[in-house]
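A quick write-up on the structure given underneath.
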Amino acid sequence: MTHIAAVCNQKGGVGKTALTINLGAAFAEESKKVCLIDLDPQGHLTEGVGMKQLYLQEGGNLYKALTDHKDEVRRLIHDVPHEKFDVIPSNYEMMLAEQTLFMTRNREHKLRALLSDITGYDWVLIDCPPNLGNLTDNALNAARLVIIPIQAETTSVRALDLLFDQIESIEQGLKIKIEILSVVPNLVQDSALSRRILEELRRSIPALTPFEIKKRVVLQEAYDKGRSIFSFEPPTSSKADDCHELRHIYTRLADFISARTTEEGKAA
C-alpha cells in the first residue's frame, strides 16, 4: 500500500523542504521505497537533492502533467543517484500553475488523478509551496495525510491555526477526511521562548511529536551539497556528531509517522 503525505505549512522558513528530503531518506534507510514530489514552483527540493538541472529542463514536466495530462506520472520520476529515493522534480513552468489551475475545472483533483497511476512505493512525500493556494489544495486532496513542520515561534502558531482552517474547509468542500499524521517542531532553537511554546503546543495538539528537530548548521550544508543528512559526508568530527544526532531524530520521526499511519488504518 502506498501512503501519500503532504508536508505542508504556508509559512515560509519552517524547514518544509529539509524535512521532506530527510524524512524521505529516513524511510529509505529502513528499506522503504520512497518518491519525493517537489510541488513548490521555486524548486527548492529539486535543488536540495542535487537535481537542479531538471528545474530548467525543457519537455515533459510536472506543470504540463497537472494542466494537460499529456505526461504519465512514470515519465516524471527520476532516480537520485546518491540517494535511496526517487524524485518528481519541479520546473520553472510551475510558476504558471496557480493561475492555470484557477481557470481549470475540477482543479483540486488534478494531482490526485495524476498520482492514481503511481505504484510500487511505500511512501510518496509532497513538498508543498509556502502558501494556501491551488497547489496546496491539490496536495491535501491527493494525500489525505498531512505532516506539518512548525517552528517554536508565536508567528508559526498563528499560521498553524490558518492551516487547520484551510484543511477543514477542504474537507467540507470536497467531502473528504484529511488526517494530520504529525506536527513536527522543526529548526528549534534553545531558548526559553521556544520551550514555553513547545509546552503549550504539547498540551493542545495530540499529533505533536514528543521530540523536536534542533536547528543545526549541518542541515544547510547538506542542502547546499544537494544531499540528505544520511548521504552527506561531514567535514569535521563536530559536524559528524550533529549528523549522527539528526539521523537518529529523523529515523525516530519516520517510526513515529509509521506508527501513526498504522493507528489511523486500524481506526478506519
Side-chain angles (χ1 to χ4, degrees), residues 5-27 36 38-40 42-49 125-132 136 139 146-164 180-205 207-232 234-236 238-257 260:
V7 181
C8 183
N9 190 327
Q10 78 279 10
K11 185 179 184 300
V14 298
K16 285 189 307 297
T17 299
L19 183 71
T20 307
I21 293 171
N22 292 302
L23 176 60
F27 278 130
L36 309 183
D38 189 355
L39 202 63
D40 185 349
Q42 298 173 94
H44 291 318
L45 185 142
T46 304
E47 180 179 358
V49 298
L125 301 178
I126 306 170
D127 186 28
C128 296
N131 57 65
L132 298 177
T136 297
V146 186
I147 300 165
I148 305 172
I150 181 173
Q151 287 180 292
E153 298 176 352
T154 306
T155 54
S156 290
V157 175
R158 289 200 295 268
L160 189 61
D161 290 335
L162 293 174
L163 179 56
F164 285 160
I180 298 174
L181 284 180
S182 64
V183 177
V184 186
N186 197 35
L187 305 180
V188 175
Q189 303 191 59
D190 188 14
S191 69
L193 175 62
S194 294
R195 289 191 291 272
R196 179 177 62 79
I197 291 176
L198 285 176
E199 288 174 4
E200 293 173 357
L201 288 171
R202 290 202 166 99
R203 285 195 296 266
S204 59
I205 303 176
L208 196 80
T209 58
F211 51 85
E212 62 270 359
I213 300 174
K214 301 288 188 183
K215 186 173 185 178
R216 294 287 183 264
V217 173
V218 72
L219 273 174
Q220 183 64 48
E221 292 178 350
Y223 176 91
D224 290 344
K225 293 290 186 181
R227 299 270 179 170
S228 76
I229 204 68
F230 289 86
S231 68
F232 179 66
T236 65
S238 63
K239 296 292 177 62
D241 291 341
D242 287 345
C243 277
H244 179 75
E245 173 196 347
L246 288 165
R247 288 166 186 163
H248 172 76
I249 207 72
Y250 280 114
T251 300
R252 192 176 174 189
L253 177 60
D255 293 342
F256 179 87
I257 289 173
R260 290 274 299 174

Problem set entry | Check: Ser228 side chain, Phe230 main-chain N or O, donor-acceptor pair, under 3.5 Å | yes

Exercise. Quick one: does Gln189's side chain get under 4.5 Å of Gln151's, heavy atoms only?
Worked result: no

For this session: Indicate yes or no for a side-chain donor-acceptor contact from Arg202 to the backbone of Thr209 under 3.5 Å, with no hydrogens or angles considered.
Result: yes

For this session: Please report the closest heavy-atom contact between Lys11 and Asn9, naming both atoms and the distance.
Result: N-OD1, 2.9 Å

Exercise. How far does CG of Leu187 sit from CG of Leu219, to the nearest 0.5 angstrom?
Worked result: 7.0 Å

Exercise. If every non-hydrogen atom of Pro185 is compared with every non-hydrogen atom of Val183, which pair is closest and at what distance?
Worked result: CD-O, 3.5 Å

Exercise. Is there side-chain contact between Leu160 and Ile205, with heavy atoms separated by less than 4.5 Å?
Worked result: yes

Problem set entry | Heavy-atom closest pair, residues Ile213 and Leu246 | CG2-CD2, 4.0 Å

Exercise. Closest heavy-atom contact between Gly48 and Tyr223?
Worked result: CA-CE1, 3.3 Å

Problem set entry | Note, Gln10 side chain near Thr136 side chain (heavy atom, < 4.5 Å) | no

Exercise. Which distance, rounded to the nearest 0.5 Å, do you find between the OG of Ser204 and the CD of Glu199?
Worked result: 12.0 Å

For this session: Examine distances only and state if a side-chain atom of Asn186 and a backbone atom of Val14 form a donor-acceptor pair shorter than 3.5 Å.
Result: yes

Seminar exercise, completed: Taken to the nearest 0.5 Å, the spacing of Ser182 OG from Leu208 CG works out to 8.5 Å

Problem set entry | Interatomic distance, Ile21 atom CD1 to Glu47 atom CD [nearest 0.5 angstrom] | 9.5 Å

For this session: Spell out, as yes or no, whether a donor-acceptor pair under 3.5 Å connects the side chain of Asp38 to the backbone of Thr46.
Result: yes

For this session: Compare every heavy atom of Ala254 with every heavy atom of Phe27, then report the nearest pair and how far apart it is.
Result: CE2-O, 3.5 Å

Problem set entry | Interatomic distance, Thr17 atom OG1 to Leu19 atom CG [nearest 0.5 angstrom] | 9.5 Å

Problem set entry | Heavy-atom donor-acceptor pair, Tyr250 side chain to Glu245 backbone, under 3.5 Å | no

Problem set entry | Side chain Thr20, main chain Lys16, donor-acceptor under 3.5 Å | yes

Problem set entry | Pair Ile148-Val7, side chain to side chain contact (heavy atoms under 4.5 Å, CB included): steps then yes or no | CA-CA 6 Å; Ile148 305 172; Val7 181; over 6 Å; no

Exercise. Donor-acceptor pair, Arg216 side chain versus Asp242 backbone, under 3.5 Å?
Worked result: no

Problem set entry | Side chain proximity check, Ile229 to Val218, heavy atoms < 4.5 angstrom | yes

Exercise. Under 3.5 Å, is there a donor-acceptor pair between the side chain of Arg260 and the main chain of Ile180?
Worked result: yes

Exercise. Of all heavy-atom pairs between Ala152 and Leu198, which one has the smallest distance, and what is that distance?
Worked result: CB-CG, 4.1 Å

Problem set entry | Backbone of Val188 reached by a side-chain donor or acceptor of Ser194 within 3.5 Å | no

Exercise. Do Ile147 and Ile257 come close enough that some side-chain heavy atom pair is under 4.5 Å?
Worked result: yes

Exercise. Less than 4.0 Å between a side-chain N and a carboxylate O, is that true for Lys214 and Asp190?
Worked result: no

For this session: Evaluate the criterion side chain to side chain contact (heavy atoms under 4.5 Å, CB included) for residue pair Leu39 and Asp127; output intermediate values, then yes/no.
Result: CA-CA 6 Å; Leu39 202 63; Asp127 186 28; over 6 Å; no

Exercise. Does a side-chain heavy-atom distance below 4.5 Å link Val146 with Leu181?
Worked result: no

Problem set entry | Backbone N/O of Arg247 and side chain of Thr251: donor-acceptor pair under 3.5 Å | yes

For this session: Report the distance from atom CZ of Arg196 to atom CG of Leu201, rounding to the nearest 0.5 Å.
Result: 10.0 Å

For this session: May I ask you to say whether Glu221 pairs ionically with Lys239, meaning some side-chain N is under 4.0 Å from a carboxylate O?
Result: yes

Exercise. Between Leu45 and Asp40, is a side chain to side chain contact (heavy atoms under 4.5 Å, CB included) present by the stated rule, with each step listed?
Worked result: CA-CA 8 Å; Leu45 185 142; Asp40 185 349; over 6 Å; no

